[in-house]
Amino acid sequence: MTRKWETRLKQIEERALGYEKKPLPSVYRPRLSKPEDPPSIWKLFHRQDQAFNFVKSCKENVHVFALEYKVDDGRRIYLVTTYAQLWFYYKSRKNLLHCYEVIPENAVCKLYFDLEFNKRANPEADGKKMVALLIEHVCKALQELYSVSCSAEDVFKLDSSTDEKFSCHLIFQLHDVAFKDNIHVGNFVKKILHPALHLISSQEDDRIRNPMDHKFSHFPETPLKQEISYNQMSPDKDIAKSWTLNSKIPERQESTQQSNPDLSFLVVKNNMGEKHLFVDLGVYTRNRNFRLYKSSKIGKCVALEVAEDNRFFPKQSKNMSEENQNFLFSLVTNVRFSDSLRILTCDTSENKRKRTNLVNSTSSSVETIEGFQCSPYPEVDRFVLSLVTKNEIKGGIRRWNYFFPEELLVYDICKYRWCQNIGRAHKSNNIMILVDLKNEVWYQKCHDPVCKAENFKSNCFPLPAEVSLLNLFKEEEEFTADETWNNEAKNPGASADAAWDNSTDDAYFLEATDDAELAEAAENSLLSYSSAGNEIPDELIIEGLQE
DNA sequence: CAGCGCTACCACACCCC
DNA sequence: GGTGTGGTAGCG
């Protein structure tokens, strides 16, 4: 008995000594493996808005994913992490089986489609052929409406079909082109499928359709061609003017556009025998969850895989597996920023009207349009405004865009045109201020064709302390908050953080969660990492951290 | 204890012919 | 009967 006590005492003393040598950090920051590596981020939330708030406070390039965790329950939990970290735990497909990309509202994104039909209700439908025809139609539309060239070789086709149901996703990999957000994607898709919508709305036979139908142009409303082009010059930057111009275009143009294309191939029947579109138009809503490559819906075991007739093949990369590349290309919001990136927009006429009214009603006041003037980073906005305010001239933010992968905020400036390239203000072209949050610098570019021709980019200047320190402060706040939460054993992120941690301290691991629901979710899919081991191959760490 | 963002649908009120 | 409104079941 005494001997047993002695050995146990000795063990405890040894452990105490160990802790003295390597004290636990006061702030818990899980790491990949090496202390010099950036901290890993793996946080779970019950609420989507909490997840997005955390993303905002995060300096790293993180994204929100939704995880289904209970059969026959729509409930999801939200995971915030980087693409690399997610892939690291995701790729084995032993856990995280039912994951969705959350396409944030206002996030620049790719053109994407969800296509489906019931095979039994449509015995003669040829899915492959329908997809090919759709792609052809979409490419034609992109060419006509935006002068964007693409083909089936730019379309990543993922398939999730069963004997019962044809189901696939298309993710367009356009060159240096993306949409402003998924609402604009939806407007574009609805616009170009308008003739087909008409085929299903009318119960009657085609022969007795309203004769007016024949007047419908191929693409009924001209989209807002006011593209935010960072490398292309738009002579008149007066947005109100260009909107007015655009809003007047519609019907006039129809004569120049081609006649009604035959989109009858898009019409399918649902289980009830009712006519529906092959293209699911319900996937273009705010914060839409879009199933990830290699994920299945909960309760089903059919995952999205590269379609056998997929024609998009990413260039092979030396330091990344093919699967990892597939994963990255399949992500709708994984849009790379480039100097020549063009952002396509497609407003509904309603929105156009609303915006035009807004512009008109506020043009004289200092405040401008909501959503256009303020980015999610008010501190950065303030700093940018300070940069474009000199003496009498008070510049403003005309619009902003945030690029997730690069953590780059691009501000289109109005009423202030001083360009560092020419050392004076441009006469008719506006400038841009780019804020690189990752590297904590800002620089200036501009819309002037001459400056753009030489690809002018000013020197980088460090962000002031109040902007770059902002992240640090937020981080501290976050951790303080977490600690409080941990004390209350309510921190939903704790369990997964522990899972990510390689320190194998059982005490830490176990105390991570006593929340029954999360624990269950964790057991189901998330926390099997303890058995995944701590050995992370070096090449993966590099891959993981380089992004 | 705990998802989210819609749309289609229904009931009802109100108006006009 | 046409139109607007408000609430909700249920879909994706």
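Chain A is the first sequence line, chain B the second, and so forth, proteins listed ahead of strands; every chain is numbered from 1.
Atom CD of A/Glu322 is surrounded by 12 or fewer heavy atoms from other residues, nucleotides or ligands within 6.0 Å. Dense packing is recorded around NZ of A/Lys119, with more than 12 heavy atoms of other residues, nucleotides or ligands lying under 6.0 Å away. For CG of A/Asp49, the number of neighbouring non-hydrogen atoms (other residues, nucleotides, ligands) closer than 6.0 Å is greater than 12.
In summary, the side chains of A/Tyr293 and A/Glu323 do present a donor paired with an acceptor at a separation below 3.5 Å, with no hydrogens or angles considered.
Ranking B/dG5, B/dC4, B/dG3 by closeness to the A/Asp49 side chain, first place goes to B/dC4.
Remark: P of B/dC6 and OH of A/Tyr284 are 15 Å apart, rounded to the nearest angstrom. If you take CD of A/Glu101 and P of B/dC4, they are 18 Å apart, rounded to a whole angstrom. Rounded to whole angstrom, the span from the CD atom of A/Glu274 across to the C1' atom of B/dA8 amounts to 12 Å. Here B/dT7 presents its P atom at 13 Å from CG of A/Leu197, a figure rounded to the nearest Å. A/Ile103 places its CD1 atom 15 Å from the C1' atom of B/dC6, with the value rounded to the nearest Å. Remark: C1' of B/dC6 and CD of A/Glu105 are 13 Å apart, rounded to the nearest angstrom. Taking atom CZ on A/Phe52 and atom P on B/dC4, their separation rounds to 11 Å, with Å as the unit. For the pair A/His46 NE2 and B/dC4 P, the interatomic distance rounds to 11 Å; values are reported in whole Å.
Close to B/dG5, at under 4.0 Å from its OP1 or OP2, lies a side-chain N or O of A/Asn287. OP1 or OP2 of B/dC6 lies within a sub-4.0 Å distance of a side-chain N or O belonging to A/Arg286. For B/dA2, the OP1/OP2 oxygens have no side-chain nitrogen or oxygen of A/Gln48 closer than 4.0 Å. A/Arg75 has a side-chain polar atom (N or O) that falls below the 4.0 Å cut-off from OP1 or OP2 of B/dA2.
Between A/His137 and the options A/Leu266, A/Asp262, A/Leu263, a side-chain contact (heavy atoms from CB on, under 4.5 Å) holds for only A/Leu263. Under the side chain to side chain donor-acceptor pair (under 3.5 Å) rule, A/Ser160 has a single partner from A/Lys300, A/Arg291, A/Lys297, which is A/Arg291.
Using a 4.0 Å heavy-atom cutoff across all strands shown, A/Arg76 reaches at least one base atom of the nucleic acid.
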Could you go through nucleotides 7-12 of chain C and list every protein N or O atom that sits under 3.5 Å from one of its N or O atoms, giving the distance for each pair?
unit_1, atom_1, unit_2, atom_2, d
C/dG12, O3', A/Asp280, OD2, 2.5

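Spacing between B/dG3 and C/dC11 at atom C1', rounded to whole Å, works out to 14 Å.
The shortest distance between side-chain heavy atoms of A/Phe278 and A/Met130 falls below 4.5 Å.
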